[in-house]
Amino acid sequence: MIDVIDLKKSFGKLEVLKGITTTIKEGEKVAIIGPSGSGKSTFLRCLNCLEDPTSGSIIFEGVDIADMRVDINIYRRHMGMVFQQFNLFNNKTVIGNIMLAPVYLGMHDLRVKKYKNFLIRIKNAFTNKKTPLHEINTTPQRIKEEARENAMRLLKRIGLEDKADAYPSTLSGGQKQRIAIIRALAMNPKVMLFDEPTSALDPEMVGEVLDLIRQLADEGMTMVIVTHEMGFAREVATRVLFMDEGRIIEENTPKELFSNPQHPRTKGFLSKVL
Amino acid sequence: MGNFGKKLERFWEIFYEYDGYQRVLTGLQNTVYIAVVGLAIGIIIGTVIAIVEVLPKYKRLPRVLNGFCRFYVGLFRGTPVVVQLLVAYYVALPLLGVNLPALNVCVLVFGLNSGAYVSEIMRGGIMSVDTGQMEAARAVGLSYRVSMMKVVVPQAVKNILPTLGNEFIALIKETSVVSFVGAADLYVAFNYIGTNSYEFMVPYLAMALIYIVLVMAIAFLVRIMERSLRKSDRRN
């Protein structure tokens, strides 16, 4: 689903990723672990080009999205991202947060289609060859209603439907992060990227967020998780990557990697955190 | 102060029994009109400049635009507004062959002038919004422009509203120089009363009073607006 080929990323002179090659298959849950500064988060942020890779390719749905000529916004719609600091839009209510992208992008697509149809009609009026119009099977009202229904359904799922009209500043960290997750889900992503989703949470709120991620995993969502929760990685992941100094040092099933690490650096890291 | 009552009487005569109050009303109207429309133009120009200044700079066009904006801000912050008014009214517009009423020239100049100041205010406001907000908006597939307009700028506006209120107050007071190009503002109206009643104490005091009331009213309105915008910050 995502093919990463020799991905490199430098910030100025500092080379953070020194050539990463891996494939993330559909339905896989990949956990990325490693010491801080190892490039885990940078790697994850390169996957949806929040950081533009310096070189290398990221093939997603058959397109190299690391190419600067590609319209990255189209592909980001299919990649949900969850941040360490939640990053809910502070100027929007909870439901506004969830609806913003689906409504805006839905409207945008509708406008583009209408505009194209308009051009086609003009063209058809002057030529014998009739080009078929794009099918339009929605209205602005429908887009809004559907987005609202979908948002309410997602909110019900996490039991926060009564917070729909609250502002993010009134919520606890755990609630914010769960809303950030369903905000990403509202776009029906094909893959979810989690950037240390529980690192900024109070300990008593970690559980509720991990439970939600676990549910998504059980439903078969493809996901890439950068995490410090080794227990969670071991339980949920189908594959664990150990990164250090900008390289993947070792990758294996969680069972193998945690109980029988091969590389000395993996051993060293695991002995410190387990 | 013995003859203060007499002065007041003479002022009242010109103000009420003559057409003084009409001129004051017109002056007040013009003052507020120049400041309000000027600020509106300023906010539009300032927002555009601020956005250009925070654009990523690895392409050529943003760099060229940025250079132009820097020049613009430097020009309008580097000269007094009176000079800008005079140059616009007596040099620039005649050279261009445009004939505008003085009032419109004032609105234009004050708009361009406050655009330069508002752009700095806006830029600070935009930079004060956490970068995570932009990243989150980009991550759901919104373009840079839409992320800016729907997420970052609304939050920036909330941060800068008190400062923008200050700018508006400054603008109201600065409009007192528009008589340089012949626009009729409060100063012109009270000066008229003064000249006709042969005494200036009461008219100028009245003028000061009107400015103070105006500024206090604006400060009050800004505070109300601020409070309603802070809705998203309040914990209930």
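All chains are named by letter (A, B, ...) in the order of the sequence lines, taking the proteins before the strands, and each is independently numbered beginning at 1. Computation of the quantities below employed the complete heavy-atom set of this structure, encompassing side-chain atoms and omitting hydrogens, waters and symmetry-equivalent molecules.
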Part of [X] within contact of chain B (heavy atom distance under 4.5 Å):
X	value
A/Leu88	backbone
A/Asp52	side chain
A/Phe89	both

[Y] backbone acceptor or donor facing [X] side chain under 3.5 Å:
X	Y	result
B/Asp185	B/Val188	yes
A/Arg76	A/Cys49	yes
A/Asp64	A/Ile58	yes
B/Tyr72	B/Leu112	yes
B/Glu167	B/Tyr117	no

Between B/Val152 and chain A, which part of the residue has a heavy atom less than 4.5 Å away: side chain, backbone, both or neither?
->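 Contact with chain A is absent: no heavy atom of B/Val152 under 4.5 Å.
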Against chain B, work out which of A/Asn48, A/Thr93, A/Ile74, A/Leu100 has the most heavy-atom pairs shorter than 4.5 Å and name it.
->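 Ranked by contacts with chain B, first place is A/Leu100.
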Part of residues 180-200 of chain A lying next to chain B, heavy-atom separation under 4.5 Å |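 Within residues 180-200 of chain A, the residues under 4.5 Å from chain B are A/Arg183, A/Met187.
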Will you find, in the side chains of A/Asn150 and A/Arg153, an N or O donor that is under 3.5 Å from an N or O acceptor?
->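 Present: a donor and an acceptor within the cut-off.
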Are B/Thr79 and B/Gln84 linked by a side-chain donor-acceptor pair shorter than 3.5 Å?
->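 Distance-only check passes for B/Thr79 and B/Gln84.
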Answer yes or no for A/Lys113 and A/Tyr115: cation-pi contact, defined as NZ/CZ to six-membered ring centre under 6.0 Å and angle to ring axis within 45°.
->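 Verdict for A/Tyr115: no cation-pi partner in A/Lys113.
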